[in-house]
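Below: one structure, written as structure tokens.
A, B, ... follow the sequence lines: proteins, then strands. Residue 1 opens every chain.
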Amino acid sequence: MSSNQENQSVDNAAASAAEDNKLIAQRREKLAAIREKRNAFPNAFRRDSLAADLHAKFAEHSREELELQGHPVKVAGRLIRQRGPFSVIQDSSDQIQLYVNHKALPAEMMAEIKSLDLGDIVGVSGVMFRTGKGELTVNVEELQLLTKALRPLPDKWKGLSDTELRYRQRYVDLIANEESRRTFKLRSQIIACMRQYFEQHQFMEVETPMMQVIPGGATAKPFITHHNALDQTMYLRIAPELYLKRLVVGGFEKVFEINRNFRNEGLSTRHNPEFTMVEFYQAYADYHDLMNFTEDMMRHIAEQVLGNSVVTYQGLEIDFAQPFNRLSVRDAVLKHCDEVSEADLADRDSLKSAAEKFGIKVDDGWGSGRILMEIFDEKVEHHLLQPTFITEYPTEVSPLARRSDDNPEVTDRFELIIGGRELANGFSELNDAEDQAARFREQVEQKDAGDDEAMHYDADYINALEYGMPPTAGEGIGIDRLIMLFTDSASIKDVLLFPHMRPTAV
RNA sequence: GGGGCGUUAGCUCAGUGGUAGAGCAGUUGGCUUUUAACCAAUUGGUCGAUGGUUCGAAUCCAUCACGCCCCA
């Protein structure tokens with residue numbers, strides 16, 4: 001920023017001070033006083049320690065040992081608590097206590113320290129010691145204000161609990177709420193662990209277009225945008241699937257992508273318009289291979305990141321060490337829904353009357369596969385708490401999956417259900433270019449008939465398949481839902497740093 | 001889209017028709033190896049918005065906005 005602009009913004013700040021509440025006005029006055037004396041925003045302080053490092057390094061040091069050593073440190077962070085001569089600063093790693101002995105420090109420095117507010121960012125030089133109560137503390141020899149905070153922090157004990165403010169002003173949430181910091185650190189670690197797992201298994205990370213001319217790979221309403229120079233309608237992707245499979249055609253036989261998808265749908269505790277998925281494809285593998293891989297990966301993440309194979313989600317203990325259950329849609333319905341007998345599954349009519357017993361309105365266009373899935377969704381899915389692979393999805397509801405060799409009515413597909421919710425979806429891929437072209441044509445007919453979620457015909461994708469895609473299996477895992485599970489979060493908004501919110505009224 | 005709940009000081013919350021409250025934060029002073037530090041004094045409000053009912057509305061009614069939960 002040029003000095004001219006800077007002056008202007010400073011003037012604007014002064015002009016708006018009258019509109020601030022008293023707490024902010026007082027802080028602005030303190031800042032103005034500092035500007036009189038020196039550069040109020042110095043950037044020459046260099047710390048040599050993080051709070052967590054100090055706690056780790058001196059964990060075993062007694063009061064006497066520390067006093068003998070007189071170990072000097074430089075730390076920096078946000079001032080988050082003050083109690084008498086003690087303060088606490090918080091950096092990215094942890095918190096560390098400061099001791100300000102007013103008898104030992106020059107009067108001028110004491111005056112500056114006295115005018116500090118909670119939220120200010122300071123740099124401190126001092127010596128490590130341990131208080132009478134045993135708390136590791138920096139005995140302050142020099143303290144410098146590095147950044148004045150103009151806005152007061154939330155309640156020091158309760159933090160920020162207003163959910164709306166936590167989501168809209170995540171920066172305040174992160175300053176004030178340890179739980180929130182923990183969630184997002186875990187999110188980062190889980191994704192890093194997953195990425196590492198893929199790399200260890202010789203998968204190659206790729207990035208495919210997020211702005212697409214033909215949105216494909218799923219049935220969903222896309223967001224529409226426009227490229228000005230090309231005067232072209234473009235869509236934010238609903239899935240990376242068709243591009244990743246083009247790469248398998250090209251000879252990258254194990255690929256994965258961790259990135260955002262965008263779907264133009266409603267919001268809920270489990271849906272955000274943009275969400276993160278990992279999709280991965282492996283040539284010369286089938287859906288059984290992916291189930292084994294997924295089971296292993298989940299167990300690995302739980303053990304590596306949480307240090308425990310048992311995850312507690314909303315009071316429910318989920319054990320990743322146990323072998324995951326595996327059963328077909330059909331067997332799951334029979335096992336978990338006492339009202340349905342084998343005879344009910346015999347044909348469409350018997351399925352229809354079974355579904356209607358549960359208040360499901362059966363559409364004339366639905367085949368027996370669709371009706372079976374409606375019963376599953378309504379009566380079974382929420383019972384599947386421990387990790388469970390559901391297999392043999394009806395062909396009718398699986399337009400992208402390969403038909404089973406044993407039974408053309410079902411596909412080589414699975415979903416992973418944990419805690420009653422779908423977490424992953426995978427299948428052996430359809431690599432028959434002519435079959436795929438026919439399925440696209442069916443989708444286009446549905447689109448022409450008014451279904452705005454139906455797929456486009458992607459001629460280039462057919463072209464790719466015509467070059468030959470090896471037998472391949474692919475899978476998508478909803479990262480946000482996985483993070484919810486591993487961080488015991490009830491809402492997807494709790495695992496998104498900046499969840500989508502309606503604009504506030506002015 | 002429908003239903004329920006919520007919105008009061010910077011933050012966390014009381015307050016169901018009669019002078020707008022508490023704790024924390026802030027300010028002033030005391031205390032200086034404390035642990036949500038403590039003691040004393042003190043500042044701080046468009047009660048989400050707009051209408052209505054009433055002598056009188058944070059409180060009752062209607063509409064709207066935003067959020068949370070449940071349902072579609």
**Q.** Donor-acceptor pair present, A/Thr137 side chain and B/U33 base, under 3.5 Å
**A.** no

Q.
Only pairs with both distances under 3.5 Å count, Watson-Crick or wobble alike; so what is the partner of B/U16 in this structure?
A. none

Q. If you find the nucleotide of RNA chain B closest to A/Arg63 and the one closest to A/Met501, which residue's nucleotide is nearer the 5' end?
A. A/Arg63

Q | Base B/U34 to side chain A/Gln97, donor-acceptor N/O within 3.5 Å cut-off | A | yes

(Q) Taking 4.0 Å as the cut-off, does a side-chain nitrogen or oxygen of A/Lys493 come that near to OP1 or OP2 on B/C68? (A) yes

Q.
Between B/U12 and A/Ser161, counting only base atoms on the nucleotide and side-chain atoms on the residue, is there a donor-acceptor pair under 3.5 Å?
A. no

(Q) Applying the Watson-Crick and G-U wobble criteria at under 3.5 Å, what pairs with B/A65? Answer none if nothing qualifies. (A) B/U7

Q: Just call it for A/Lys133: base, sugar-phosphate, or nothing, with non-hydrogen atoms closer than 4.0 Å on any strand.
A: base

**Q.** Any A/Lys22 side-chain N or O less than 4.0 Å from OP1/OP2 of B/U43
**A.** no

Q.
Return whichever of A/Pro154 or A/Thr269 has its heavy-atom-nearest nucleotide of RNA chain B closer to the 5' end.
A. A/Pro154

(Q) Regarding B/G44, can its base be found pairing with the side chain of A/Asn21 as donor and acceptor, where the two atoms are less than 3.5 Å apart? (A) no

Q) Closer than 4.0 Å, any side-chain N/O of A/Arg81 to the OP1 or OP2 of B/A36? A) no

Q. Just wondering, do A/Leu327 and A/Thr391 contact through their side chains at under 4.5 Å, heavy atoms?
A. no

(Q) Tell me whether the NZ or CZ atom of A/Arg170 lies within the 45° cone about the ring axis of A/Phe498 and under 6.0 Å from its centre. (A) no

Q | Which nucleotide in B/G26, B/C24, B/A37 has an atom nearest any side-chain atom of A/Arg83 | A | B/A37

(Q) Does B/G48 have its OP1 or OP2 closer than 4.0 Å to a side-chain nitrogen or oxygen of A/Thr504? (A) no

Q | Presence of A/Lys30 side-chain N/O under 4.0 Å of B/U27 phosphate oxygens OP1/OP2 | A | yes

(Q) With a 3.5 Å distance limit and no angle check, can you tell me whether A/Ser489 reaches the backbone of A/Ser491 through a side-chain donor-acceptor pair? (A) no

(Q) Looking at B/C60, which nucleotide sits across from it as a Watson-Crick or G-U wobble partner, both distances under 3.5 angstrom, or is there none? (A) B/G52

Q. With a non-hydrogen cut-off below 4.0 angstrom, is A/Pro152 in contact with a base, only sugar-phosphate, or nothing?
A. sugar-phosphate

Q. Is A/Ser350 reaching over with its side chain to a backbone N or O of A/Asp347, donor-acceptor style, under 3.5 angstrom?
A. yes

Q. Any side-chain N or O of A/Lys114 less than 4.0 Å from the OP1 or OP2 oxygen of B/U27?
A. no

(Q) Applying a 4.0 Å non-hydrogen cut-off, can you work out what A/Leu160 is touching in the nucleic acid: base, sugar-phosphate, or nothing? (A) sugar-phosphate

(Q) Pairing check on B/A40: which nucleotide meets the Watson-Crick or G-U wobble criteria with it, both distances under 3.5 Å? (A) B/U28

Q) Base, sugar-phosphate, or nothing: which does A/Gly159 touch, judged by heavy atoms less than 4.0 Å apart? A) sugar-phosphate

(Q) Assess the residue pair A/Glu67 and A/Arg63 against the criterion (salt bridge (charged side-chain N to carboxylate O under 4.0 Å, His left out)); give the C-alpha distance rounded to whole Å, side-chain angles, the decisive distance to 0.1 Å, and a yes or no. (A) CA-CA 6 Å; A/Glu67 188 150 358; A/Arg63 286 190 79 182; 5.7 Å; no

**Q.** Proximity to the side chain of A/Leu23 - top-ranked nucleotide from B/U32, B/G67, B/A25
**A.** B/A25

Q: With heavy atoms under 4.0 Å as the rule, sort A/Arg166 into base, sugar-phosphate or nothing.
A: nothing

Q: Check every strand shown and say whether A/Asp162 touches a base, only sugar-phosphate, or nothing at a heavy-atom separation below 4.0 Å.
A: sugar-phosphate

Q. Counting any heavy atom closer than 4.0 Å, what does A/Phe129 reach on the DNA or RNA strands: base, sugar-phosphate only, or nothing?
A. base

Q) Which one of A/Val127, A/Val100, A/Asn101 satisfies the side-chain contact (heavy atoms from CB on, under 4.5 Å) criterion with A/Val140? A) A/Val100

